[in-house]
Amino acid sequence: MLTTNVEDRFVQAGFPEQSVFYLEGRLTHRADHTPLQKQDLAEITSGDQLETAGYPDSRQFQEKLRDLNRFLAAHPRFVILELGVSAGNGFLRPLISQMLQAFPASRLAEFNLQPNPVPVQIRHRVVQVDGDLEQNLDGLARILLPEASGSQDGTS
């Protein structure tokens, strides 16, 4: 799982920590990547003391990036489910674009209030669902189950 969710919510929900790639670090860990305990919170006086500061430059980030690349090489057909990532996100958006370009069998299901610009060369593999999620779940079904919708390429 690739996420910018810095609060460790996926691990708290039961996902194995080794399977979660926090792109921007975690607010639940110190800059040295050790977990913070509740009793330690009073010691934190600056964001520089948290893992989010400088995380992409760390050895842990590079290890997670290698793990992600190994996973993608082993599973070249995947769907990226993007929830509420703005076009201005200079960290996640370029990574998603690179993943889609590198893996032609991959797809993107983007859920946002307003659709983001999509490069022309991958537009046929992107389903953009804007507005209320509950009212637009059929967009997700089209990309995940293209055979059910009668489309072979994930679009309709």
Side-chain angles (χ1 to χ4, degrees), residues 1-29 31-33 47 50-156:
M1 175 176 304
L2 180 68
T3 182
T4 58
N5 181 327
V6 299
E7 292 86 14
D8 239 353
R9 296 289 182 211
F10 289 106
V11 172
Q12 291 173 23
F15 288 88
E17 185 170 350
Q18 67 273 15
S19 299
V20 180
F21 182 14
Y22 293 95
L23 284 174
E24 297 170 313
R26 295 170 287 186
L27 299 174
T28 57
H29 285 63
D32 67 0
H33 310 290
L50 297 173
E51 187 179 77
T52 54
Y55 182 64
D57 299 323
S58 73
R59 179 180 54 82
Q60 283 78 3
F61 181 87
Q62 295 305 317
E63 289 172 3
K64 284 289 191 175
L65 188 57
R66 280 192 295 277
D67 291 345
L68 175 63
N69 285 324
R70 274 194 291 271
F71 175 84
L72 294 175
H75 306 282
R77 183 180 168 145
F78 56 87
V79 174
I80 299 170
L81 178 58
E82 182 184 285
L83 302 172
V85 178
S86 74
N89 184 310
F91 197 67
L92 188 57
R93 293 294 298 182
L95 179 61
I96 289 172
S97 184
Q98 288 174 3
M99 290 168 64
L100 289 171
Q101 290 178 22
F103 295 92
S106 63
R107 303 283 189 266
L108 170 64
E110 176 189 279
F111 288 85
N112 279 306
L113 289 177
Q114 298 176 349
N116 287 317
V118 176
V120 173
Q121 63 270 28
I122 60 171
R123 189 174 308 272
H124 66 285
R125 295 188 289 131
V126 176
V127 171
Q128 292 180 303
V129 182
D130 60 338
D132 185 271
L133 180 61
E134 185 176 0
Q135 295 174 8
N136 290 296
L137 285 177
D138 62 330
L140 179 59
R142 281 199 318 269
I143 196 168
L144 294 177
L145 306 167
E147 59 279 358
S149 67
S151 171
Q152 297 303 310
D153 68 355
T155 61
S156 56

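None of these values were measured; they are calculated from a predicted model.
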Interatomic spacing from OG in S106 to NE2 in H75 - rounded to 0.5 Å: 14.0 Å

For the student: nearest non-hydrogen atoms of A105 and P76, plus distance: CB-O, 3.9 Å

Donor-acceptor pair, side chain of R107 and main chain of V79, under 3.5 angstrom: no

Where E82 and N116 come nearest, the two heavy atoms and their spacing: OE2-ND2, 3.7 Å

Value rounded to 0.5 Å, distance of CD in Q128 from CG in L108: 7.5 Å

Enclosure of Q114 CD (heavy-atom neighbours >12, cutoff 6.0 Å): no

Contact summary for G25 and V6, nearest pair of heavy atoms: O-CG1, 3.4 Å

Heavy-atom side-chain proximity of Y55 to Q60 below 4.5 angstrom: yes

ring-ring contact (aromatic ring centres under 6.0 Å, His included) against F21, all qualifying residues, sequence neighbours excluded: F61

Beyond-backbone contact of E17 with R26, side-chain heavy atoms, under 4.5 angstrom: yes

Reported CD1-to-CG distance for the pair I122 and L100, which is rounded to 0.5 angstrom: 4.5 Å

Ion pair D67/K64, N-O distance below 4.0 Å: no

Set of side-chain contact (heavy atoms from CB on, under 4.5 Å) partners for P117, sequence neighbours left out: A87

Straight-line distance of M99 CE to N69 CG, nearest 0.5 Å: 8.5 Å

Output field: ring centroids F78/F103 closer than 6.0 Å: yes

Between Q62 and R59: side-chain donor-acceptor atoms closer than 3.5 Å: no

CD1-CD distance between I96 and Q101, expressed to the nearest 0.5 angstrom: 12.5 Å

Non-hydrogen side-chain atoms of S58 and H33 separated by less than 4.5 Å: yes

Distance-minimising heavy-atom pair for E7 and T28: O-CG2, 3.6 Å

Where T52 and G47 come nearest, the two heavy atoms and their spacing: OG1-O, 4.3 Å

Interatomic distance, D8 atom CG to E51 atom CD [nearest 0.5 angstrom]: 8.5 Å

